[in-house]
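Labels below follow one simple rule: chain letters A, B, ... track the order of the sequence lines, proteins then strands, and each chain is numbered from 1.
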Amino acid sequence: MPRMNAAQRHGIEFTLNGRKVRAEAENRMLLSDLLRHEIGLTGTHVGCEHGVCGACTVQIDGKPARACLTLAQQVRGSDVRTVEALAPDPAELSPLQAAFRRHHGLQCGFCTPGILMSLDALLRERPDAGREDIREHLSGHLCRCTGYATIVKAALAAAEEQRKEETTNA
Amino acid sequence: MKPASFDFICPDTLDEALSALAEAGGDGRIIAGGQSLVPMLNMRLARPGVLIDIMRLEALRRIETSGDGITVGAAVRQAELEASPNLLRDLPLLAAAFPWIGHVQTRARGTVCGSVAHADPSAELPLSLVTLGGAVSLRSRKQKRKVTADDFFIGMMATDLAEGEMIEAVHFPKARPGTGYAFREVGRRHGDFAIVACAAVADDKGLRLGIAGVDDRPRVFALPALDDDQFDDALNDIVWSLNAREDIHASARYRRELVRNLGRETLKEASRCRA
Ligand SMILES: Cc1cc2nc3c(=O)[nH]c(=O)nc-3n(C[C@H](O)[C@H](O)[C@H](O)COP(=O)(O)OP(=O)(O)OC[C@H]3O[C@@H](n4cnc5c(N)ncnc54)[C@H](O)[C@@H]3O)c2cc1C
Ligand code: FES
Ligand code: FES
């Protein structure tokens, strides 16, 4: 039975944005800190560190989850996606990101990575998501400057676009 | 806002988990979804020396339906039970309560049993378990025992769980035909803990009303079938038998007033659903 001693760092292997990675961390390290300080992916933001603001939201095995309420040790063997996985390449935004830009879904951008990861999970799981589903997912996020109206608008536009895309491809 | 250090144990079997828990004694703590424990670690309100992760134990990942009940293992996440195909048929009260439990993002990680173990007096799952007359299976290295939900919750975040013991599963009685269920809650914002939450069951024997957020644990009251003009008196008696808390979110008086109103609506809705 694996027992990880408090005084040492321990290797953690998991899939991050489609690639197998191995990182080292003390047991007490949070996933949010592992991503930002050990791996250097600073797209995941940290606001409250007690699960309330949603800034640190990533996807763990496809579901949106708080990185600040997850010990790095708990994602051993899991599939983690962060905001860095959304854009297909550095010069091109994902359709959801592009909709945020078009509809003014962000100002300072502090809350945006977390919101994008929740909405991305929603739109993958339920392509037919409507206003109520979007609002339900957004209720787990605090935005203190843009206001939610344009965020909902951007999400609805992205959902609509995704559905059109799917009918054309079908 | 960072946890103090601790040993982390990832057992491969339930027996190993129970041994580790017994060896750690008062210094050991189970970690399930982490949605209540990690905030407490971050704020250093909890400083366990040993954490035992139970989420990889296959034996605890089951949702089992038997003749009269649903058994939910300790590693079942809230979102998994919420998405289980027969929830609306077998556990309509939980189907109504789930949207009120935190957020999509916390239900994706938090477990059903973890919420019961945490025993927040406002929490929806303990309230539902008590109102339905459910039970909790406890297990230590030496013994297994089963207690009724009503006996399990003993006070503010205090339960009957002994040192070295863990919750193995919780049991919800399955919905019976001809029975009505209803759930109502008032909170400051969507996803906040309830100021008051009410759950009601109406069947041919009468009514049951469960109340969370008011006393230091979820409380349940049995009532005879009532006519519309009898609800207010019955609720007034209940209200004064509760030890209503006063805190930053609401005064004791406001909580009592919410029980009067929410309680009546919930009981009426359950009675209507039965018809
Ligand atoms: C932003 C936010 C909002 C929330 N809102 C709500 C809400 O509205 N309503 C609500 O009810 N909850 C709410 N929660 C709490 C959430 O529901 C938690 O998931 C739940 O309380 C604990 O479950 P967990 O699996 O995460 O347990 P953990 O956090 O892992 O553990 C909690 C406690 O239970 C113990 N424990 C866990 N499993 C067992 C077991 N099998 N045997 C013995 N002990 C065990 C742990 O040792 C710890 O003491 C919220 C949380 C957050 C972060
Ligand atoms: S930083 Fe994780 S929810 Fe606020
Ligand atoms: S864009 Fe600034 S907090 Fe949301």
Side-chain angles (χ1 to χ4, degrees), chain A residues 1-8 10 12 25-33 46-54 56-78 114-115 117-119 121-122 125 132-142, chain B residues 1-13 15-17 19-20 23-24 27 31-45 47-57 77-80 83 98-100 102-110 187 189-193:
Chain A
M1 148 173 73
R3 180 182 183 119
M4 270 79 73
N5 188 298
Q8 284 161 6
H10 303 274
I12 302 165
E26 280 181 59
N27 295 336
R28 68 196 195 100
M29 182 168 279
L30 304 171
L31 176 61
S32 42
D33 289 336
V46 172
C48 66
E49 286 187 330
H50 58 273
V52 175
C53 75
C56 68
T57 304
V58 299
Q59 290 168 10
I60 305 177
D61 298 325
K63 307 275 184 218
R66 306 294 201 226
C68 76
L69 298 189
T70 307
L71 299 172
Q73 289 291 353
Q74 289 176 292
V75 300
R76 190 183 292 275
S78 298
I115 290 182
M117 295 319 283
S118 280
L119 292 176
L122 171 65
E125 196 173 296
E132 275 320 301
D133 305 302
I134 290 166
R135 287 174 56 108
E136 162 88 25
H137 274 63
L138 280 177
S139 78
H141 294 272
L142 295 176
Chain B
M1 293 291 286
K2 308 290 176 195
S5 53
F6 47 78
D7 287 355
F8 192 83
I9 300 183
C10 221
D12 298 317
T13 65
D15 282 343
E16 285 180 1
S19 297
E23 272 157 37
D27 209 22
I31 180 162
Q35 301 302 290
S36 295
L37 183 57
V38 179
M40 294 198 304
L41 295 176
N42 286 353
M43 293 186 259
R44 302 207 179 183
L45 296 171
R47 296 185 70 151
V50 182
L51 283 189
I52 300 155
D53 182 0
I54 57 168
M55 296 307 285
R56 289 164 204 269
L57 301 176
R77 300 194 195 271
Q78 292 157 14
E80 288 166 351
F98 265 123
W100 294 96
H103 307 283
V104 172
Q105 298 86 350
T106 62
R107 297 198 296 275
R109 302 293 294 172
R189 285 158 307 208
H190 185 100
D192 280 12
F193 272 99

Undergrad: Which heavy atom in A:Gln73 sits nearest to a heavy atom in B:Arg56, and how many Å separate them?
TA: O-NH2, 4.0 Å
Undergrad: Could you tell me which non-hydrogen atom of A:Glu49 sits nearest to which non-hydrogen atom of B:Lys2, and how far apart they are?
TA: OE2-NZ, 2.5 Å
Undergrad: Between atom CD of A:Gln74 and atom CE of B:Met55, what is the distance when rounded to the nearest 0.5 Å?
TA: 8.5 Å
Undergrad: Looking at every heavy atom in both B:Val104 and A:Pro64, which two are closest together, and how far apart are they?
TA: CG1-CG, 4.3 Å
Undergrad: Could you give me the CA-CA distance, side-chain angles and deciding distance for B:His190 and A:Glu136, then say whether side-chain contact (heavy atoms from CB on, under 4.5 Å) is met?
TA: CA-CA 9 Å; B:His190 185 100; A:Glu136 162 88 25; 3.8 Å; yes
Undergrad: With chain A as the partner, which of B:Ile31, B:Val50, B:Asp53, B:Thr13 has the greatest number of non-hydrogen pairs under 4.5 Å?
TA: B:Ile31
Undergrad: Is the shortest heavy-atom distance from the side chain of A:Leu69 to the side chain of B:Arg109 under 4.5 Å?
TA: no
Undergrad: Is it the side chain or the backbone of A:Leu122 that comes within 4.5 Å of chain B heavy atoms, both, or neither?
TA: neither
Undergrad: Does any heavy atom of chain A fall under 4.5 Å from the side chain of B:Leu51, the backbone, both, or neither of them?
TA: side chain
Undergrad: Measure the CE-CG distance between B:Met1 and A:Asp33 for me, rounded to the nearest 0.5 Å.
TA: 11.0 Å
Undergrad: Taking B:Gln105 for its side chain and A:His137 for its backbone only, find out whether a donor-acceptor pair lies under 3.5 Å.
TA: yes
Undergrad: Using non-hydrogen atoms only, which part of B:Leu37 is less than 4.5 Å away from chain A: side chain, backbone, both, or neither?
TA: neither
Undergrad: Are there more than 12 heavy atoms of other residues, nucleotides or ligands under 6.0 Å from atom CZ of B:Arg44?
TA: yes
Undergrad: What distance do A:Asn27 atom CG and B:Leu41 atom CG have between them, rounded to the nearest 0.5 Å?
TA: 11.5 Å
Undergrad: Taking salt bridge (Lys or Arg N to Asp or Glu O under 4.0 Å) as the cut-off, I'd like each qualifying pair that reaches into residues 56-76 of chain A, sequence neighbours left out, listed once.
TA: A:Lys63-A:Glu125
Undergrad: Quick check on B:Met40 against chain A: is it the side chain, the backbone, both or neither that has a heavy atom closer than 4.5 Å?
TA: neither
Undergrad: Where on A:Thr57 is there a heavy atom nearer than 4.5 Å to chain B: the side chain, the backbone, both, or neither?
TA: side chain
Undergrad: Which atoms of A:His10 are under 4.5 Å from chain B, going by heavy atoms: the side chain, the backbone, both sets, or neither?
TA: neither
Undergrad: Please look at B:Arg107 and chain A and tell me whether the side chain, the backbone, both or neither of the residue comes under 4.5 angstrom of a heavy atom of that chain.
TA: side chain
Undergrad: Just distance, no hydrogens or angles: give the donor-acceptor pairs under 3.5 Å from side chains in residues 3-12 of chain B, sequence neighbours left out.
TA:
| residue | atom | partner | partner atom | Å |
| --- | --- | --- | --- | --- |
| B:Asp7 | OD1 | A:Ala6 | N | 2.7 |
| B:Asp7 | OD2 | A:Arg3 | NH2 | 3.1 |

